[in-house]
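Atoms considered below: every heavy atom in the structure, side chains included; atoms not considered: hydrogens, waters and symmetry mates.
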Amino acid sequence: MPSLPPCCRLQLKALAILSLYTFVVMLFVSNDSPLASINNHVDSAIFFMSGKAWANGLIPYVDFSDSKGPLLWFIEMVGYWISPTDYHGVWVLSVIVMTLTFYVCWLTAMQVLCRPRLSLCVAMTMAIPYFLGFSFLETRAETWCNLPVAYGIYLVVRLIKQKSNGYVPSLTVTQGAMLGVSVMACLLIKWSIAAMMMSLCLAVLLLSLKSGKKLLVSLAAFIGGAVILALPVMAYLICVGAFVPFWQEYFMATSTTVGVGESFDAVGFYLNQARRIYHSPISMMTILLALPGSYMLFRRNGWIKWLLPLCCCIFFAIGSFRNHWLYYLQASLSFAELGLIWIAMVWSYKAMPVANIVFYGLCTAIGVIYLHTLYPIYHTDRDFVDVDSIDRTLNGYFSGDNMPTILCYECLDVGIGMKVEALPANKYWFKQNGAHEEMKKGQYNALKSRRADIVYTFTTEHDSLIRSYGYSKIHEAADSIPLGKVRVYIKSPNP
């Protein structure tokens with residue numbers, strides 16, 4: 001059997017090292033890991049419920065809906081198939097995706113540094129912004145988009161290096177197709193990130209304008225890659241009669257339910273966003289790595305030096321638009337690598353022994369894990385619902401094969417009912433941020449018609465209403481948390 005070429009052996013070795021590194025870090029950092037509690041989930045609980053509903057025959061955007069795309073729910077559905085009563089399956093998938101993300105970061109660093117060991121240090125250091133930057137708390141839509149964004153940055157860096165070395169910048173067919181897949185993946189997970197990705201696509205287009213026929217081939221490959229991913233999704237939605245609801249819920253409704261309201265002062269809002277970033281040290285560090293770093297890395301390359309900083313600014317601008325939450329900016333975390341590459345380029349030109357790499361990797365892993373547990377909001381149950389305890393109570397009522405339905409009345413889904421494999425009681429089984437009247441009415445109708453087997457809420461004002469429709473309270477939290485004091489009800493046999 002012929003041996004692999006040296007470059008392939010090098011890549012496999014880097015991938016193996018980064019796989020082990022990601023596994024160790026995410027075992028302690030991810031709230032989906034086997035070592036973590038199931039209590040501290042909000043957005044990820046909603047995504048998992050959507051994947052579980054789809055896996056059990058419910059139709060997306062018809063029987064259940066949220067402001068996210070079908071690819072996200074498909075990922076969560078695969079996680080549910082792996083492990084149906086906890087988040088461990090999602091953790092396995094996130095380890096794979098983040099391993100590939102770190103690997104793409106290594107490839108990007110190699111384009112500039114041409115030093116495998118130093119590039120490994122850069123890739124491993126990216127754990128700091130990825131797992132600490134912009135209020136990282138749980139596996140969100142942005143987490144799954146880190147890989148396609150990192151790949152887009154890699155292609156831009158690769159084209160810039162081609163131009164710097166005197167070649168005509170161009171993409172291969174595979175690279176063009178993979179860029180198309182990357183953009184479409186973002187579009188089918190969270191469409192605003194796909195809008196951000198278009199800045200990287202424009203940078204790729206500008207850099208490869210002089211490649212002649214290769215540009216046309218790359219464009220065809222880009223379209224082909226996007227279509228290959230989109231076609232089965234669109235075909236499914238059309239076949240089950242969900243395409244129109246998909247368009248209305250994912251694109252139209254999301255643009256009205258997510259935001260800061262009708263009154264919007266752009267200048268004041270972005271100044272407030274800058275203040276929030278300033279008070280988050282790791283987020284501030286990420287900004288400083290991304291913006292100055294992306295400029296300094298190619299500062300001697302004429303107009304090209306502005307491409308990546310402009311792309312970075314577009315990511316920040318779209319991610320912050322009408323949104324207070326810093327985690328919307330997590331899609332821009334991959335730009336921090338550019339600053340790390342520049343620091344590595346300035347910092348060391350000496351050979352790096354293997355022992356130094358091992359020591360550096362251990363220090364980085366320990367540092368990320370320590371910092372992640374240092375902030376009181378991370379990995380503490382006191383700010384979250386005791387889902388585990390509530391599910392043990394629910395097990396006494398729902399222990400058969402039938403999967404109960406659940407309604408999160410006028411509140412977010414925090415994962416209650418995980419152990420009894422509860423399914424959404426209606427399309428809007430939880431209250432989205434900025435919910436419109438149809439969503440609120442849908443919740444009330446589900447309560448009134450007693451469609452839900454389990455109902456929970458976080459305020460006392462709904463207690464008499466819920467009881468009036470034949471529900472009995474089985475749990476009331478002793479202590480209040482930031483969301484409120486959870487109260488859980490089940491449907492009485494005789495209302």
Residue pair Val233 / Pro70: nearest heavy atoms and the distance that separates them: CG1-CG, 3.6 Å
Intermediate values then yes/no, salt bridge (Lys or Arg N to Asp or Glu O under 4.0 Å), Glu421 and Lys52: CA-CA 8 Å; Glu421 296 194 62; Lys52 175 169 57 175; over 6 Å; no
Spacing of Phe47 atom CZ and Lys68 atom NZ [to the nearest 0.5 Å]: 4.5 Å
Value rounded to 0.5 Å, distance of CG in Leu20 from OG1 in Thr99: 9.5 Å
Parallel, tilted or perpendicular: ring planes of Tyr103 versus Trp106, cut at 30 and 60 degrees: parallel
Straight-line distance of Phe64 CZ to Ile59 CD1, nearest 0.5 Å: 9.5 Å
Passing option when Tyr80 is tested against Asp86, Asn56, Thr85 for side chain to side chain donor-acceptor pair (under 3.5 Å): Asn56
Main-chain N/O of Ser170 paired with Gln162 side-chain donor or acceptor, under 3.5 Å: yes
Steps toward side chain to side chain contact (heavy atoms under 4.5 Å, CB included) verdict (Met124, Leu18): CA-CA 7 Å; Met124 289 188 291; Leu18 291 172; 4.0 Å; yes
Considering all heavy atoms, the nearest Tyr21-Ala127 contact: OH-CB, 3.4 Å
Test item: Tyr87 and Met418 side chains (from C-beta on) under 4.5 Å apart, heavy atoms: yes
Worked verdict on Met98 versus Phe131 for side chain to side chain contact (heavy atoms under 4.5 Å, CB included): CA-CA 11 Å; Met98 286 309 300; Phe131 298 131; 4.1 Å; yes
Where Ile318 and Ser192 come nearest, the two heavy atoms and their spacing: CG2-O, 3.8 Å
Test item: Arg158 side-chain N/O and Leu155 main-chain N/O as donor-acceptor pair under 3.5 Å: no
Sidechain-backbone polar pair: Tyr250 side chain, Trp191 backbone, donor-acceptor under 3.5 Å: yes
Min side-chain heavy-atom separation Leu72-Lys190 under 4.5 Å: no
Residue pairs involving residues 219-243 (criterion side chain to side chain donor-acceptor pair (under 3.5 Å); sequence neighbours excluded): Trp54-Tyr236
Aromatic contact, Tyr295 with Trp306 (centres under 6.0 Å): yes
4.5 Å side-chain heavy-atom contact, Leu205 and Leu215: yes
Check: Leu291 main-chain N/O paired with Ser294 side-chain donor or acceptor under 3.5 Å: yes
Over 12 non-hydrogen atoms of neighbours within 6.0 angstrom of NZ in Lys214: no
Rounded distance (nearest 0.5 Å) linking atom CD1 of Ile38 with atom CG of Asn31: 11.0 Å
Side chain to side chain donor-acceptor pair (under 3.5 Å) evaluation trace for Asp32 with Thr139: CA-CA 8 Å; Asp32 298 327; Thr139 305; 2.7 Å; yes
Test side chain to side chain contact (heavy atoms under 4.5 Å, CB included) applied to Leu307 and Val157, Leu159, Leu202, Leu206, the passing residue: Leu206
Taking every non-hydrogen atom, the tightest pair across Ala53 and Pro424: CB-CD, 3.8 Å
Taking every non-hydrogen atom, the tightest pair across Pro245 and Val62: CG-CG2, 4.1 Å
Candidate pair Lys305 and Arg300, rule side chain to side chain contact (heavy atoms under 4.5 Å, CB included), full reasoning: CA-CA 7 Å; Lys305 64 178 176 284; Arg300 296 188 178 91; over 6 Å; no
Residue pair Glu76 / Ser50, side-chain heavy-atom distance below 4.5 Å: no
Trace of the side chain to side chain contact (heavy atoms under 4.5 Å, CB included) decision for Tyr130 with Met26: CA-CA 11 Å; Tyr130 278 142; Met26 293 194 71; over 6 Å; no
Residue pairs involving residues 167-186 (criterion ring pair (Phe, Tyr, Trp, His ring centres under 6.0 Å); sequence neighbours excluded): none
Asp43 backbone acceptor or donor facing Glu138 side chain under 3.5 Å: yes
Heavy-atom side-chain contact between Trp429 and Ile46 under 4.5 Å: yes
Close side-chain approach of Asn146 and Val97, heavy atoms under 4.5 Å: no
Closest non-hydrogen atom pair, Val183 against Cys201: CG2-SG, 3.5 Å
Inter-residue atom distance Ile304.CD1 - Lys163.NZ, 0.5 Å rounding: 5.0 Å
Phe243/Tyr61 aromatic ring centres below 6.0 Å: no
Side-chain touch Leu93/Ile75, heavy atoms, less than 4.5 angstrom: yes
Distance, nearest 0.5 Å, that separates CD of Glu337 from CG of Leu340: 7.0 Å
Pairwise side-chain contact, Ser332 with Met196, heavy-atom cut-off 4.5 Å (strictly under): no
Phe23/Trp91 aromatic ring centres below 6.0 Å: yes
